[in-house]
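Chain A is the first sequence line, chain B the second, and so forth, proteins listed ahead of strands; every chain is numbered from 1. The basis for the numbers below is simple: all heavy atoms, side chains too, and nothing from hydrogens, waters or symmetry mates.
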Amino acid sequence: MSGKRISLIVNGESVKAEVLVNRLLSDFLRDDLALTGTKRGCETGVCGACSVLVDGDVVKSCLSLAAQVDGKTLTTVEGLGRIGDLHPLQESFMAHGGLQCGYCTPGFLLAAADLLSRNPDPQDAEIREALSGNLCRCTGYQGIVDAVRNVAESTHGN
Amino acid sequence: MREFEFLEPQTLTEALAMMSEYEDDACVYAGGTALLLAMRQRMLSPGFVVSLGKLDELREITFNPAEGLRIGALARHSDVARAPDVQAHYPMLAGMAGGLANPQVRNQGTIGGNLCYADPATDPPSCLIAMDAEVTIAGPGGERRLPMREFVVDFFTTALEPGEILTHITLPPPRPDRTGLYRRHLRTPAEHRPVANVALTFRDVNGVPEDVRLVIGAAVPVAQSMTRAEDFLTARAITLDVAAEAAAMVAEDIDPISDGRGEEAFRRQVVRAITRRILAEAAGLNWKDAAA
Ligand SMILES: Cc1cc2nc3c(=O)[nH]c(=O)nc-3n(C[C@H](O)[C@H](O)[C@H](O)COP(=O)(O)OP(=O)(O)OC[C@H]3O[C@@H](n4cnc5c(N)ncnc54)[C@H](O)[C@@H]3O)c2cc1C
Ligand code: FES
Ligand code: FES
C-alpha cells in the first residue's frame with residue numbers, strides 16, 4: 001500500500017506528513033500529531049467525540065481519511081483555546097456545568113464553535129440541533145445548551 | 001481496514017478509465033462517511049479506492065429558470081441546504097438536506113454518495129422522487145439519464161452498471177403553483193436516521209390538488225410512490241377525513257422493512273401517522289383536531 005504526502009494547517013501551524021492511505025484522520029491527529037484532545041469514542045460516526053473543524057466545518061474525524069485533508073485547514077480543541085487563554089465557550093462550559101467527565105467536551109466545543117460562527121445568536125432549538133451529532137453520557141445536555149446560549153448572549157448583550 | 005491504493009484522478013475521464021481498468025476491485029470514494037464504515041467492517045475490501053475529491057466540477061450547484069437546478073454528485077448535504085438558489089426556489093429540498101443526519105455528517109457526506117450507497121434509512125430518495133428529479137450517469141460508453149424513481153432498485157442496490165459514476169442530479173424548473181412538503185420520523189431525537197419519511201408535492205388548483213406525488217421512504221426497502229393514494233387525492237379537496245383515508249391506503253399498500261429499529265407493524269403505523277399529518281398540514285389543517 002502506498003503512502004501519501006499531505007500538507008495541511010493544524011491549529012494555525014503548517015504540518016507536512018507522510019501517511020498510509022488507510023490512516024483515519026482521528027488516528028493521525030492523536031497518534032502522529034499527539035493532539036489527544038480529539039477523542040475516539042464509537043469510531044462509527046455516532047458519538048461525535050472525534051469532531052474537528054475542517055475549513056471551518058465540523059466533521060467527524062473517525063469518518064475521514066488523513067489523505068482527505070491534504071491542503072485543508074484544521075482546528076482541534078487544542079487550537080480553540082489554551083490554558084490561560086481559554087475560548088469563551090470553554091469558560092462557559094465550566095461556568096454552566098457543561099461537562100462532568102469531559103470525554104465528550106472537545107467534540108461539543110467544536111460543534112458549538114461551528115454553530116456560533118454561522119449563527120451568532122441561536123435559539124435553544126437551533127443549539128440542540130447543532131449539537132445533535134454529539135452524545136454526552138453525563139450532563140443530561142441542559143448544562144451544555146446553557147453554556148452555549150450564554151456565550152451567544154454575552155456577545156450579543158441580550 | 002484492509003490495505004488499498006488511493007487514486008486521485010484529476011478529471012472525470014481519468015476516473016472512468018480507472019474504474020474500467022480495475023473493474024470489480026475498484027470503488028468510487030466521495031465523502032467516505034458510508035464507505036469507510038463498510039471497509040472497516042470488511043463488508044467491502046476494494047484494492048483500489050478512486051477518490052473523486054479533485055473533481056471540483058462535480059461539486060457545483062447551478063440554477064437557471066429555464067432548465068432548473070443541477071446539483072453535482074459531490075455536493076455535500078450542507079452545500080445543498082445552504083445554496084441560495086436551493087433555498088429560494090426549492091425550499092423543500094433545502095429543508096430536507098439541512099435536517100438529515102447531523103451537522104458533521106452533512107458537512108462531509110455527499111448527495112451522490114447517499115444515493116449510490118442506497119441505504120434505505122435515508123432521506124433524499126423519497127424527496128427527490130416527489131420533486132421529479134433525474135440523475136445523470138457517466139460510464140465508459142458515454143452519458144445516460146434516468147428518472148430518480150428508477151435509480152435505486154433494491155436494498156443497497158442501484159441501477160449503476162460497473163464502472164459508472166453518478167455525476168449530477170437535476171430538478172425541473174420550479175412552478176409557482178406547485179407546492180411540496182417533506183417530513184421524517186425518528187424514534188428518538190438521538191437516532192439520526194429516519195424510521196420512515198414522506199414527501200408530498202402537488203399542483204394547487206384553487207385549493208384542490210392535481211398531479212399529486214406522495215412518496216414513502218426509509219420504512220420500505222426502496223422509496224416508493226403511493227399510486228393508489230395519489231389517484232385518490234387527485235382533484236379532491238383535502239379534509240381531515242380524506243387525509244385519514246389516504247393515510248390508511250398508504251399504510252396498507254407498503255411492504256415495510258422489519259428490523260431492530262422498527263418492526264413491520266410499527267413502521268406501518270408510523271407511515272400512516274406521518275402521511276395523515278403531512279396531508280393535513282398541506283391543507284392548512286391541524287391533524288390533532290381529529291382523533292383518527
Ligand atoms: C451517523 C450517521 C447518520 C446518518 N444519518 C442519515 C440520515 O438521517 N439521513 C440520510 O439520508 N443519511 C444519513 N446518513 C448517511 C449519509 O448521508 C451518507 O453516509 C452520505 O451521504 C454518503 O455520502 P459520502 O459522500 O460520504 O459517500 P461515500 O461513503 O464516499 O460513498 C458511498 C457509496 O457510494 C458510492 N459512490 C459515492 N459517490 C459516487 C458517485 N458519484 N458515483 C458512483 N458511486 C458513488 C461509493 O462507491 C460507496 O459505495 C448517516 C450517516 C452516518 C454516518
Ligand atoms: S468516534 Fe467519531 S463519531 Fe464516535
Ligand atoms: S461529560 Fe461525560 S460524556 Fe459528556
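The environment of CZ in B/Arg70 is sparse: at most 12 heavy-atom neighbours from other residues, nucleotides or ligands sit within 6.0 Å. Within a 6.0 Å sphere centred on CZ of A/Arg137, other residues, nucleotides and ligands contribute 12 heavy atoms or fewer. At most 12 heavy atoms of other shown residues, nucleotides or ligands fall within 6.0 angstrom of atom CD in B/Glu263. Annotation: A/Glu13, atom CD; neighbour count of heavy atoms from other residues, nucleotides and ligands within 6.0 Å does not exceed 12. Shown here is A/Gln123, whose CD atom has no more than 12 heavy atoms of other residues, nucleotides or ligands within 6.0 Å. Summarising the local packing, CG of B/Asp24 is surrounded by 12 or fewer heavy atoms from other residues, nucleotides or ligands at distances under 6.0 Å.
Looking only at distances, a side-chain donor or acceptor of B/Arg40 sits under 3.5 Å from a matching main-chain atom of A/Glu43. Judged by distance alone, the side chain of B/Glu3 and the main-chain N or O of A/Asn22 form no donor-acceptor pair under 3.5 Å.
Taking each heavy atom of B/Thr33 and A/Leu63 in turn, the nearest pair found is O-CD2, 3.8 Å. Taking each heavy atom of B/Asn107 and A/Val59 in turn, the nearest pair found is CB-CG1, 3.9 Å. When all heavy atoms of B/His192 and A/Ser132 are compared, the pair lying nearest together is CE1-O, 3.0 Å. Closest of all the heavy-atom pairs between B/Pro103 and A/Gly133 is CD-N, 4.2 Å. Nearest heavy atom pair, residue A/Val21 against residue B/Phe4, reads CG2-O, 3.3 Å.
Residue A/Leu20 does not touch chain B at all, counting heavy-atom pairs closer than 4.5 Å. Heavy-atom distances place no part of A/Arg128 under 4.5 Å from chain B, backbone and side chain included. For B/Arg106, the part lying under 4.5 angstrom from a heavy atom of chain A is the side chain only. Of the two parts of B/Arg193, neither the backbone nor the side chain holds a non-hydrogen atom closer than 4.5 Å to a non-hydrogen atom of chain A.
Atom CZ of residue A/Arg23 and atom CZ of residue B/Phe6 lie 15.5 Å apart, to the nearest 0.5 angstrom. In this structure, NZ in A/Lys4 is found 12.5 Å from CD in B/Glu5, a value given to the nearest 0.5 Å.
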I would like to know whether B/Asn102 and A/Lys60 meet side-chain contact (heavy atoms from CB on, under 4.5 Å); could you show each step before the answer?
CA-CA 10 Å; B/Asn102 52 65; A/Lys60 299 189 177 187; 3.6 Å; yes
Apply side-chain hydrogen bond (donor to acceptor under 3.5 Å, both in side chains) to the pair A/Asn134 and B/Gln104, showing each step before the final yes or no.
CA-CA 9 Å; A/Asn134 296 72; B/Gln104 289 93 329; 2.8 Å; yes
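Residues B/Gln108 and A/Asp57 have side chains that never bring a donor and an acceptor to within less than 3.5 angstrom of each other.
With chain B as the partner, the residue from A/Ala111, A/Ser51, A/Ser64, A/Ala67 showing the most heavy-atom pairs under 4.5 Å is A/Ser64.
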